[in-house]
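See below for the structure under consideration.
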Protein chains: 2
Amino acid sequence: MATGRTHRPATRSRGIPEATVARLPLYLRALTALSERSVPTVSSEELAAAAGVNSAKLRKDFSYLGSYGTRGVGYDVEYLVYQISRELGLTQDWPIVMVGIGNLGAALANYGGFASRGFRVAALIDADPSMVGKPVAGIPVQYIDDLEKIIEENGVSIGVIATPAGAAQQVCDRLVAAGVSSILNFAPTVLSVPDGVDVRKVDLSIELQILAFHEQRKAGEDGGVGGADLPSAAAVRAAAPAAVAASPASTAGRKGPDGDVPAVMPA
Amino acid sequence: MATGRTHRPATRSRGIPEATVARLPLYLRALTALSERSVPTVSSEELAAAAGVNSAKLRKDFSYLGSYGTRGVGYDVEYLVYQISRELGLTQDWPIVMVGIGNLGAALANYGGFASRGFRVAALIDADPSMVGKPVAGIPVQYIDDLEKIIEENGVSIGVIATPAGAAQQVCDRLVAAGVSSILNFAPTVLSVPDGVDVRKVDLSIELQILAFHEQRKAGEDGGVGGADLPSAAAVRAAAPAAVAASPASTAGRKGPDGDVPAVMPA
DNA sequence: ATGTCTTTGTGAACGCGTGCACAAAGATGA
DNA sequence: TCATCTTTGTGCACGCGTTCACAAAGACAT
């Protein structure tokens, strides 16, 4: 442990900006890597590079947590790992339930990474009776009817939804009613929840669409202000045949593999 | 189609704020749902509710695209679907490659949702020879050595990385060298790429950690200043036993299932 | 044609997040 | 003890994004 403890008592709780909170896991990951290599200290410059952010931003982020650092030296790796872990609430055990054990749900459940950061898969839940009892990642799948009981008994407050879009809101409602107050949503739907419940969403389809936007912008560049360019090699590619929703009319009757898709993906 | 065409010529291209771009897919999804129900028009209020945003924000977002709306009436659903699709570049076909066909990669590949929005899985690529040739989602897995050739031949400009963390940067470099300029990264690593290449990351572990932070904040409330809510049992739960990385020392020697984990998950 | 009613489009104010740049703090060596 | 050198912590300014609030635009009825 580095410097003496002239640090602020605690968290200054409410004061940590959301943007900073979102970066803490990045810092933690970089610090853990350093820790495993037994690096004793890091400068804000080094750590920022490892985390892919600006060093000034990193210092400001840390300043919200308190003054953990030694001028002229840097930050004590182990100490900082501990402080950030504590700040993020990773020094305690978080039992989570995952609802919807389809392709994606099963893939997520199969990660060993859960346990390594204070998260423990307390239960896997599905609505398909034929799945029930079948072990996924060593954990037997349980039936959706027992959702409330499972949450109750395991003291779960974080839930992961990996169901089809059509089922997501219903599952969400039941989770919330049973006491879950943080939800990670992989279903392509907007969930509505009461105040006090946090929802974060992961949506591959949206990410791809954002990438497509930028990709299109890159392709249609050198031309001019307007739009109809499409020049270079990259552009040639973009000029592929197919067209989805190309005409306003074509979208109407469609009812593809979407509309009820399992998880991360679709629009 | 609603009003006459007093609209601006085109996109005002560069002018669309990033935050707006990130919401366009949400609007598109909501509009598509309306379209399928044959709803002819929506007001900003209704659509905003469906997309889970503020109506003023939605109107401002749309104003960046041009003036597609009729005062006193609202927006023409079909027309707006088309405009947003075009803006996002979804009226063209985007071939993508996915590298790393493990649990997660396979799960992602299995989504039918890809094709439904202009994205087409051109190839699945893995470094495990025993995977090669095996069909996943109806597409035979190809060997990593052919990566460059595959990208070239298919004119791929968007790549998805679902490899273990340790392989991600290397795969990324090869993708970029081969001409890919947009990457969706599921590996828990910070990728460094040259200018002009867009990277978006999806990281379950980070999302969970952010949720844990807020969950902890909710739990440890009553004592402090702000809001002593949480009347229910939720608070009791958070006071769980176990502790990960509870002591600064405990983190050092650890080398769990992490460190090289496949994809979305770990820290 | 005219008035009323609805809903858009946007000017303006505000707040958050970012990055610069520097003073203060501490380490280190003479 | 004092000077120098490194690196933190932060005051400040700037720009982006959000939200309010309202004038303008158009639909619709009379």
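Every heavy atom of this structure was used, including side-chain atoms; hydrogens, water molecules and symmetry mates were not. Order of the sequence lines fixes the chain letters, A, B, ..., with proteins taken first and strands second; residue numbering starts at 1 for each chain. All values reported here derive from a predicted model rather than from experimental measurement.
The two atoms that bring S55(A) and S44(A) nearest to each other are CB-O, 3.9 Å, heavy atoms only.
Atom CZ in R59(B) sits roughly 16 Å away from atom P in dA25(D) (whole-Å rounding). Atom pair F62(A):CZ and dT7(D):P shows a separation of 16 Å (rounding to whole Å applied). For Y75(A) and dA27(C), the OH to P distance is 15 Å, given to the nearest whole Å.
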Atom pairs, N/O to N/O, protein against nucleotides 16-19 of chain C, distance under 3.5 Å?
{"from": "dT18(C)", "atom 1": "OP1", "to": "R23(A)", "atom 2": "NH1", "distance (Å)": "2.9"}
{"from": "dT18(C)", "atom 1": "OP2", "to": "R23(A)", "atom 2": "NH1", "distance (Å)": "3.4"}
{"from": "dT18(C)", "atom 1": "OP2", "to": "R23(A)", "atom 2": "NH2", "distance (Å)": "2.9"}
{"from": "dG19(C)", "atom 1": "OP2", "to": "K57(A)", "atom 2": "NZ", "distance (Å)": "3.2"}
{"from": "dG19(C)", "atom 1": "O6", "to": "K60(A)", "atom 2": "NZ", "distance (Å)": "2.7"}

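In the displayed structure, E18(A) atom CD is contacted under 6.0 Å by more than 12 heavy atoms of other residues, nucleotides or ligands.
Each of V73(B) and R71(A) was assigned the nucleotide of DNA chain C with the nearest heavy atom; the assignment lying further toward the 5' end belongs to V73(B).
Aromatic pair Y68(A)/Y75(A): ring centres not closer than 6.0 Å.
Less than 4.0 Å separates DNA chain C from at least one heavy atom of each of the following residues of residues 43-50 of chain B: S43(B), S44(B).
Counting only N and O atoms by type, the side chains of E36(B) and T32(B) include no donor and acceptor under 3.5 Å apart. Side chains of T189(A) and Q169(A): no donor on one and acceptor on the other come within 3.5 Å. Q83(B) and Y79(B) share a donor-acceptor pair across their side chains, judged by distance under 3.5 Å alone. Looking at T41(A) and D76(A), their side chains never bring a donor and an acceptor atom within 3.5 Å of each other.
Legend: residues meeting salt bridge (Lys or Arg N to Asp or Glu O under 4.0 Å) with R59(A), ordered by chain and number and at least two apart, are absent.
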